[in-house]
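Working notes for the structure below.
Naming: A, B, ... by sequence-line order, numbering from 1 per chain.
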There are 2 protein chains.
Amino acid sequence: MQLSATSQYAIRILVYMAGQKDSQSINAAELAETLLIPYKFLAKIMTSLVKVGLVESIRGKEGGYKLKKKASDIMVGDILDAFHDSIKDEQCILGIGFCNGICKCALHDQWMEPKLLLQKMFRESSLEDIAGRGCKR
Amino acid sequence: MQLSATSQYAIRILVYMAGQKDSQSINAAELAETLLIPYKFLAKIMTSLVKVGLVESIRGKEGGYKLKKKASDIMVGDILDAFHDSIKDEQCILGIGFCNGICKCALHDQWMEPKLLLQKMFRESSLEDIAGRGCKR
DNA sequence: TTTATATACTACTTAAAGGTAGAATTAAAG
DNA sequence: CTTTAATTCTACCTTTAAGTAGTATATAAA
Ligand code: SF4
Ligand code: SF4
């Protein structure tokens with residue numbers, strides 16, 4: 001019961017980028033080193049983030065990556081969506097999921113609460129919120 | 001962000017067993033068929049549940065499986081523990097987890113809430129609670 | 001005591017996640 | 001124009017989860 005390593009990495013990467021001065025690009029080597037993420041794996045993740053439109057890439061010498069939107073406009077949920085790791089409304093804790101409403105088991109209502117809290121957290125937490133305070137790692 | 005297939009299967013199996021008449025054993029073939037779980041995979045899961053002491057097995061003709069404790073004494077958390085799928089206290093949503101207390105990020109407190117709810121749900125929901133009402137699948 | 005029927009064990013296969021290697025591509029700077 | 005530093009692409013490797021196959025073992029019943 002946890003986020004995939006890829007999602008966790010992606011969030012940490014983007015949070016770190018949000019904490020840097022704007023309009024300045026950061027390259028993959030620096031990200032990999034500071035965040036302790038395998039360089040090649042990070043590069044692969046970055047390409048996904050570019051494809052999904054969260055990050056802008058600048059190739060060639062002096063290149064690197066930049067956020068494509070304001071840190072306050074990128075939500076954790078957007079990142080999870082990119083790696084199919086977000087929580088869908090229909091998601092059932094037991095992997096059945098089609099007994100909604102009618103004939104529900106005792107877990108149904110209890111799962112509703114934390115599910116909604118998680119969805120809300122993912123939907124409403126921006127990179128700015130996270131980068132703004134606390135440890136950046 | 002979901003339980004493993006193995007954990008989900010295990011819960012569904014035990015809930016179904018809890019819904020049956022007591023002191024009557026159920027065999028793997030019946031479980032696999034009614035719960036739509038691959039027979040051989042189910043058999044493997046059952047062996048784990050026996051080893052961890054949640055289920056008793058009766059070998060040979062007329063054999064099968066029986067719960068080793070009362071349905072009200074088997075908690076969902078016990079099952080998740082058996083497959084290393086439960087949520088640890090230190091578990092951090094970003095996979096870092098050692099900035100507890102000091103220097104916490106904006107997700108820390110927000111993650112706390114659903115985490116505690118989930119832990120509570122897993123700890124306090126018994127098979128009896130789930131099997132008692134709703135669809136048995 | 002044999003037979004049928006059940007679980008248990010060992011080993012393999014498949015699919016997905018996580019991770020690595022190297023060459024191709026791009027673009028600034030000398 | 002060449003060098004150099006960066007991303008991107010393609011392909012592969014490794015590990016773990018999920019699923020399968022076959023055989024050994026146990027036991028109630030015929
Ligand atoms: S009733 Fe239970 S099994 Fe059905 S969708 Fe809700 S949580 Fe899942
Ligand atoms: S502060 Fe943030 S990163 Fe650190 S343990 Fe808490 S949730 Fe994880």
Exercise. Does the side chain of A:Thr6 get closer than 4.0 angstrom to OP1 or OP2 of C:dG18 through an N or O atom?
Worked result: yes
For this session: Assign B:Ala29 to base, sugar-phosphate, or nothing according to its heavy-atom contacts below 4.0 angstrom with the strands shown.
Result: nothing
For this session: Spell out, as yes or no, whether a donor-acceptor pair under 3.5 Å connects the side chain of B:Glu128 to the backbone of B:Ala18.
Result: no
Exercise. Atom CD1 of B:Ile45 and atom C1' of D:dT20: how far apart are they, to the nearest Å?
Worked result: 13 Å
Exercise. Hey, can you pull the residues of residues 54-62 of chain A with a non-hydrogen atom under 4.0 angstrom from DNA chain C?
Worked result: A:Arg59, A:Gly60, A:Lys61
For this session: Determine whether any donor atom in the side chain of B:Lys44 lies under 3.5 Å from an acceptor atom in the base of D:dG19, or the reverse, and answer yes or no.
Result: yes
Run the side-chain donor-acceptor check on residues 35-45 of chain A: report pairs under 3.5 Å with partners two or more places apart or on a different chain.
none

For this session: Name the nucleic acid region contacted by B:Phe83, choosing base, sugar-phosphate or nothing; use a 4.0 angstrom heavy-atom cut-off, strictly under.
Result: nothing
Exercise. Given atom CG of B:Leu80 and atom C1' of D:dA17, what is their separation to the nearest angstrom?
Worked result: 16 Å
Exercise. Is there a donor-acceptor pair under 3.5 Å between the side chain of B:Ser7 and the backbone N or O of B:Leu3?
Worked result: no
Exercise. Backbone N or O of B:Ala106 within a donor-acceptor pair of the B:Trp111 side chain at under 3.5 Å?
Worked result: no
For this session: Calculate the interatomic distance between A:Leu3 atom CG and C:dA17 atom P; express it in whole Å.
Result: 14 Å
For this session: Specify the separation, in whole Å, of atom CE of B:Met46 and atom P of D:dT20.
Result: 17 Å
Exercise. Are A:Ile93 and A:Leu117 joined in one hydrophobic group, where the rule is that I, L, V, M, F, W and Y side chains link up if heavy atoms are under 4.5 Å apart?
Worked result: no
Exercise. To the nearest 0.5 Å, how far apart are CE in A:Met75 and CZ in A:Arg123?
Worked result: 10.5 Å
For this session: Choose from C:dT20, C:dT7, C:dC9 the nucleotide whose nearest atom is closest to any side-chain atom of A:Pro38.
Result: C:dT20
Exercise. So, A:Asp73 side chain and A:Lys70 main chain: donor-acceptor pair closer than 3.5 Å or not?
Worked result: no
Exercise. If you look at every strand shown and take non-hydrogen atoms under 4.0 Å, does B:Ala43 touch a base, only sugar-phosphate, or nothing?
Worked result: nothing
Problem set entry | Side-chain donor/acceptor of B:Gln119 to backbone N/O of B:Ile87, under 3.5 Å | yes
Between protein and nucleotides 13-16 of chain D, what N or O pairs are separated by less than 3.5 Å?
none

For this session: Report yes or no: does B:Lys115 contribute a side-chain atom to a donor-acceptor pair with the main-chain N or O of B:Asp89 at less than 3.5 Å?
Result: yes
Problem set entry | Rounded distance in Å - OH (B:Tyr39) to P (D:dG22) | 14 Å
For this session: Just call it for A:Tyr65: base, sugar-phosphate, or nothing, with non-hydrogen atoms closer than 4.0 Å on any strand.
Result: sugar-phosphate
Problem set entry | B:Gln2 CD - D:dA18 C1' separation (whole Å) | 13 Å
For this session: Measure the distance from CZ on B:Phe41 to P on C:dT14 and round it to the nearest whole Å.
Result: 17 Å
Problem set entry | Test item: B:Asp85 side-chain N/O and A:Met1 main-chain N/O as donor-acceptor pair under 3.5 Å | yes
Exercise. What is the distance from CG of B:Leu42 to C1' of C:dA8, rounded to the nearest Å?
Worked result: 14 Å
For this session: Ignoring the backbone of B:Lys40, work out which of D:dA18, D:dG22, C:dT20 is nearest its side chain.
Result: D:dG22
